[in-house]
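Here's the structure we're looking at; comments come further down.
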Amino acid sequence: MLAKHKASVFEKFLINLSPNDGSLWRATKRTCKLSSQNIPIKKSDGSFVCTDLDKAELFKDCLYETFQPHPDIFSLENNMAIAESLNSSLPVSRPVKHFSPSEVKFVIDKYPHKKSPGFDLITGKVARCLPKKAIIHLTHIFNCILRLSYFPILWKFSTIIMIPKAKKPPDSVSSFRLLPFFAKVLEKLILKRILPSISNSVLPDAHFGFRSAHSTIHQVHRIVDAISFSLEKKQYCTCAFLDVSQAFDRPIWTYGIPLWGNAKISNINKIQTFQNIALRKLLNAPPYVSNLSIQQDLRMNSIKDEAKLYYKRFHSRLLNHPNPLIKNLAVPSIPGNPLRRLKRNWCRDLLNA
């Protein structure tokens with residue numbers, strides 16, 4: 001009876017798969033995903049770690065070595081100045097605007113659904129079910145923290161989960177930290193109070209890291225403009241690239257397509273060929289069906305059309321950006337308007353393509 005029920009549920013699941021809502025892609029990805037092997041972790045001497053206590057000690061040593069301050073930026077004078085500033089009394093100034101229950105409720109409702117909880121196991125889904133009285137009490141706590149300039153120690157505890165790193169030896173591990181949910185809500189509320197004070201007076205316009213509406217694509221666009229201007233003017237263009245370890249990657253193929261979408265035809269054709277092969281294998285299409293017919297039936301754009309769409313959408317948001325460095329990218333031609341000497345196309349040519 002259970003076997004029949006499982007078979008009927010699985011049959012219903014297969015019938016409901018569709019390429020339009022992404023369910024077919026998720027099922028295919030889950031089916032083709034290789035299961036990771038449970039390989040013991042090695043110590044520095046090559047021996048394996050088996051017991052939980054030995055694993056905890058190994059993880060502790062790994063985290064201790066990872067989260068060390070850089071020796072080149074250590075300054076005793078700066079550390080003493082920071083300690084003196086933290087231990088001194090607060091300057092006389094206007095009090096910071098307090099948090100309101102509606103503001104706290106708004107941050108909780110906008111919190112992503114799939115974020116993992118901290119050690120308290122409180123998720124965004126649970127916090128959304130809190131009654132109005134609980135939101136008011138939580139707002140009182142947040143305002144007391146703001147008034148006393150004291151962040152609760154309990155909310156500083158984070159759950160550190162060690163996970164294997166993709167395409168790395170299985171005996172080496174990485175980690176990410178999970179803070180309590182209400183600590184994250186408080187961080188978002190405090191950030192909202194700090195940003196107006198530092199955005200215009202403290203942070204330079206060239207600082208793009210960890211700022212809203214500032215992305216790597218904007219900075220890379222500026223680099224592309226500098227390179228294209230130099231090439232069109234027959235000038236030298238020197239660059240220094242730094243390879244930062246343990247940086248975050250974006251495993252999305254469309255990330256950066258506004259810039260590389262107008263690359264050479266030979267490079268674009270390589271990606272287009274991969275898309276055509278993948279679609280044919282997913283649909284088991286016969287040889288006499290053209291790639292254009294498959295794209296039209298699935299309502300999928302080609303790589304070139306997708307690049308045009310992304311760049312036009314990207315370029316339309318540049319003019320109203322508060323950062324002048326990004327606003328300068330909204331011009332329809334290369335900044336400086338050099339005489340077009342080369343036959344090759346630049347990313348802004350996608351606007352007229």
Side-chain angles (χ1 to χ4, degrees), residues 3-36 110 112-115 125 166-167 213 215-218 220-221 224 228 248-320 329-330 332-333 342-353:
K4 292 182 179 180
H5 176 70
K6 291 181 179 179
S8 61
V9 171
F10 185 69
E11 183 180 359
K12 184 179 180 181
F13 169 75
L14 294 178
I15 294 175
N16 293 331
L17 292 178
S18 172
N20 298 326
D21 57 359
S23 59
L24 179 60
W25 165 251
R26 289 192 296 269
T28 305
K29 183 179 179 181
R30 185 166 57 250
T31 304
C32 299
K33 186 177 180 181
L34 297 176
S35 58
S36 59
K110 291 296 182 179
H113 293 267
K114 296 184 179 181
K115 289 288 186 179
K125 188 175 182 180
K167 297 182 180 180
S215 68
T216 308
I217 301 301
H218 293 112
V220 177
H221 201 317
V224 172
S228 58
F248 295 97
D249 299 327
R250 293 293 297 269
I252 306 175
W253 77 271
T254 53
Y255 190 74
I257 195 174
L259 302 181
W260 61 258
N262 210 16
K264 288 186 177 181
I265 298 178
S266 58
N267 295 329
I268 296 296
N269 287 342
K270 293 179 181 180
I271 307 176
Q272 185 63 62
T273 302
F274 175 79
Q275 184 195 59
N276 296 337
I277 295 175
L279 293 178
R280 285 186 170 279
K281 288 187 176 181
L282 287 174
L283 301 177
N284 196 19
Y288 56 82
V289 178
S290 64
N291 295 325
L292 180 61
S293 299
I294 296 176
Q295 292 175 2
Q296 291 176 349
D297 292 342
L298 296 178
R299 297 179 181 178
M300 294 188 65
N301 295 327
S302 63
I303 303 298
K304 196 69 176 178
D305 293 337
E306 196 76 5
K308 296 176 187 177
L309 178 64
Y310 269 77
Y311 187 79
K312 290 179 180 179
R313 188 187 306 165
F314 169 81
H315 194 270
S316 63
R317 296 192 294 262
L318 298 177
L319 186 60
N320 297 324
L329 300 175
S333 61
L342 303 176
K343 294 182 179 180
R344 67 147 297 153
N345 293 326
W346 302 106
C347 51
R348 285 184 177 83
D349 295 329
L350 292 172
L351 297 174
N352 303 322

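Source: prediction; values computed, not measured. Computed over heavy atoms, backbone and side chain alike; hydrogens, waters and symmetry mates excluded.
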Spacing of OG belonging to S302 relative to CG belonging to N276, to within rounding of 0.5 Å: 9.5 Å
Residues which pass side-chain contact (heavy atoms from CB on, under 4.5 Å) with N269, listed by chain and number, not counting sequence neighbours: I265
Does atom NZ (K125) have a neighbourhood of more than 12 heavy atoms from anything else shown, all under 6.0 Å? no
At what distance, to the nearest 0.5 angstrom, does NZ of K304 lie from CG of L309? 14.0 Å
Is there a donor-acceptor pair under 3.5 Å between the side chain of H315 and the backbone N or O of A330? yes
Pairs touching residues 343-353 that satisfy salt bridge (charged side-chain N to carboxylate O under 4.0 Å, His left out), sequence neighbours left out: D225-R348, R340-D349
Once you round to the nearest 0.5 Å, how far does CG of L351 lie from OG of S333? 10.5 Å
Do R26 and L17 come close enough that some side-chain heavy atom pair is under 4.5 Å? no
Quick one: sort the Y311 and H221 rings into parallel, tilted or perpendicular, breaks at 30° and 60°. tilted
Quick check on R299: does its CZ atom have over 12 non-hydrogen neighbours (other residues, nucleotides or ligands) under 6.0 Å away? no
How far does CD1 of I303 sit from NZ of K270, to the nearest 0.5 angstrom? 14.5 Å
Going from CG on L319 to CG on L329, what distance comes out if it is rounded to the nearest 0.5 angstrom? 11.0 Å
Derivation of the side chain to side chain contact (heavy atoms under 4.5 Å, CB included) call for M300 and Q275: CA-CA 10 Å; M300 294 188 65; Q275 184 195 59; 4.0 Å; yes
Minimum heavy-atom distance between C347 and P258, given as atom pair plus value: CB-O, 3.5 Å
Got a sec, which pairs hit side-chain hydrogen bond (donor to acceptor under 3.5 Å, both in side chains) with one end in residues 278-291, sequence neighbours left out? R280-N291, S290-S293
Measure the shortest side-chain to side-chain distance between I271 and N267 over non-hydrogen atoms and say whether it is less than 4.5 angstrom. no
How long is the span from the NE2 atom in H218 to the CZ atom in F314, to the nearest 0.5 Å? 4.0 Å
Within a strict 4.5 Å, meaning less than it, do heavy atoms of the W260 and I268 side chains meet? yes
Polar side-chain atom of D305 near backbone of N301 as donor-acceptor pair, under 3.5 Å: no
Tightest non-hydrogen contact, residues L350 and A307, listed as CD1-O, 3.8 Å
